[in-house]
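Only one structure is covered here, and it is reproduced in the block below.
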Amino acid sequence: MERGSLSKYSWIDFAFSVVGVFTFLVDWGSDVWVATEFYNQGDFFWFGVLLGLMVLSSVVVQMFSWFWLKYDRELPGFSSAQTPGGSVLFGDRVKLSCLLHVLQLGFLCRHISAIRQGFRVWWRKQEGSEYAVYLTHDLSMLRLIETFCESAPQLTLMIYVMLRTNKARTVQFVSIAASTTSIAWMVVDYHRSLRSFLPDKAKQGWGSSLIYFLWNLLLIAPRVATLALFSSVLPGYIGAHFILLWFVFVLWVWRQKTDFMDSVAGEWLYRATVGLIWYFSWFNVAEGQTRGRSIIYHSFVTVDGVILLVTWWCYRDPVQSEPYALALLIALPLTYLLGLLFKAIYYCCFHPKLWGPPVRDPGLPDDLPDADVSFRAFPIQDVTVSAQLVNKRMGRHATHFYSDQGVTRSTEYR
């Protein structure tokens, strides 16, 4: 089968890398600010919860980053692979990379490495475009994980604290804005990264990107708000609710026989993380038609959200919640339904496949159904790096994510 080529690294990719570092630092800075405010105000419980979320998120992201470095290092030619002006990420410096991940700096180093490589390719016009793209692919997935492990729970916590105390400080609004921005940016960045694995794809227009962004935001926002409302009246039960749903989601992921990671331990870490992500939002992780799974998920989450919202309405303080209770009871379900409507509009009217012909393997007839369209494997490095190095992780996710558009996976990704 012929080999295509990935999208070339551009100034937009460089801009996304820079903004990614900026949002990462701002998000962490706002977390530290909020944690400091809680500590100074004597709210040690909330200080501990927020600190726990920050540590948990960081540890999970560093574990993924370390697993991927181990997998890549085992690929033929990885240790000796050189890009113009320097080596691949961490190269043979195993002890240094291990130390940086233990110190929770591995994710930040990946950002810096992506900017460094991107600057060489975009500004200095040096070779290494495919390697720069490779770095941004892994970063997009790590940002997805970091967002739903830390930003989404933190956003829920901040709203809960505001509802519980019936007051809000400036720092809380800043933290909510930072978390929301981080989630929104992750959605767009992750989608852009996955689309680069579609050979000769139709370009993602601004209108299509906007609709895609909106339906994700309109589905995530009411979900987070509903969880916060339920927590404000029955704080002792939100933990049990999360554990129960997380266990169901992890079991569902396991039943779909995912193969994202290259080791058993890594795969279970991935499944556990997907269970956490599904607690807030849906994305496809298994090959095949996804419409049925998506309907099951949204139906389940809708029923769960209605139960949580009704519970909040029954147990709320009528006097304290009078200014906003009825508005939230009406607005949150309507917002979620609006998100589902935007999702349907996206796939019916704005999806890029509607504006460009599907890509077929050489020799196949033009009248094949979309289910017979397949992905091709792509080398992720320049000729100076081993052609056997393939970012299988994002390639697999691309095939799974877009399998509902009738794409099947090539055996070269296995």
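Keep in mind it's a predicted model, so treat the numbers as computed, not measured.
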If you measure from CG on Leu341 to OH on Tyr346, what distance do you get to the nearest 0.5 Å? 15.5 Å

From Leu214 CG over to Leu338 CG, what is the distance, rounded to the nearest 0.5 angstrom? 8.5 Å

Does the separation of the ring centres of Tyr212 and Trp215 fall below 6.0 angstrom? yes

With a 4.5 Å limit on heavy-atom distance, are the side chains of Leu227 and Phe280 in contact? yes

Taking the side chain as C-beta and beyond, is there a heavy-atom pair between Leu308 and Arg223 under 4.5 Å? yes

Distance in Å, Leu96 CG paired with Cys109 SG, rounded so as to fall on 0.5 Å steps: 7.5 Å

Among all residues two or more places apart in sequence or in another chain, which pass the ring pair (Phe, Tyr, Trp, His ring centres under 6.0 Å) test with Phe22? none

At what distance, to the nearest 0.5 angstrom, does CZ of Phe230 lie from CG of Leu163? 14.0 Å

Quick one: does any side-chain atom of Gln62 pair with a main-chain N or O of Val102 as donor and acceptor, under 3.5 Å? no

Contact between Met141 and Leu144 at the side-chain level, heavy atoms closer than 4.5 Å - yes or no? yes

Heavy atoms only: give me the nearest Leu142-Val61 pair and the separation to one decimal. CD2-O, 3.8 Å

Val306 and Pro333, any side-chain heavy atoms less than 4.5 Å apart: no

Can you tell me if Glu150 uses its side chain to pair, donor with acceptor, with the backbone of Met54 under 3.5 Å? no

Residues at least two apart in sequence or cross-chain that pass side chain to side chain contact (heavy atoms under 4.5 Å, CB included) with Gln41, listed by chain then number, are Glu37, Asp43, Arg169

For Val32, is there any backbone N or O sitting under 3.5 Å from a side-chain donor or acceptor partner on Thr36? yes

Tell me if a side-chain donor or acceptor on Arg164 pairs with a main-chain N or O of Ser232 at a distance below 3.5 Å. yes

Roughly how far apart are Ser231 OG and Trp312 CH2, rounded to 0.5 Å? 13.0 Å

Do Tyr347 and Arg291 have side chains that get closer than 4.5 Å, going by heavy atoms? no

Please determine, by modelled atom types, if Ser263 and Lys70 share a side-chain donor-acceptor pair under 3.5 angstrom. no

Check step by step if side-chain contact (heavy atoms from CB on, under 4.5 Å) holds for Cys149 and Leu276. CA-CA 7 Å; Cys149 285; Leu276 173 59; 3.4 Å; yes

Residue pairs, two or more places apart or on separate chains, that pass side-chain hydrogen bond (donor to acceptor under 3.5 Å, both in side chains) and touch residues 235-254: His241-Tyr279, His241-Asp304

With no hydrogens and no angle check, just 3.5 Å: does a side-chain donor-acceptor pair link Ser65 and Arg110? yes

Show the nearest heavy-atom pair for residues Leu219 and Leu340, with the distance to one decimal. CD2-N, 3.6 Å

Tyr160 ring center near Trp46 ring center (under 6.0 Å): yes

Are Met261 and Trp268 close enough, and set up right, to give a side-chain contact (heavy atoms from CB on, under 4.5 Å), and what steps lead you there? CA-CA 9 Å; Met261 306 288 276; Trp268 277 108; over 6 Å; no

Taking atom CZ of Phe300 as the centre, report whether more than 12 heavy atoms of other residues, nucleotides or ligands fall under 6.0 Å from it. yes

Answer yes if the ring centres of Tyr297 and Trp282 are under 6.0 angstrom apart, and no otherwise. yes

Report yes if the side chains of Ile277 and Thr273 come closer than 4.5 Å at any heavy-atom pair, otherwise no. yes

Does the side chain of His101 come within less than 4.5 Å of Met63's, by heavy atoms? no

Within the distance-only criterion (no hydrogens, no angle test), does the side chain of Ser57 pair as donor or acceptor with the backbone N or O of Leu53 below 3.5 angstrom? no

Over 60° means perpendicular and under 30° means parallel, so classify the ring planes of Phe249 and Trp278, tilted if in between. perpendicular

Arg271 side chain vs Thr258 backbone, donor-acceptor pair below 3.5 Å: yes

Please examine the side chains of Leu105 and Leu99, heavy atoms only from C-beta on, and report whether any two atoms are closer than 4.5 Å. no

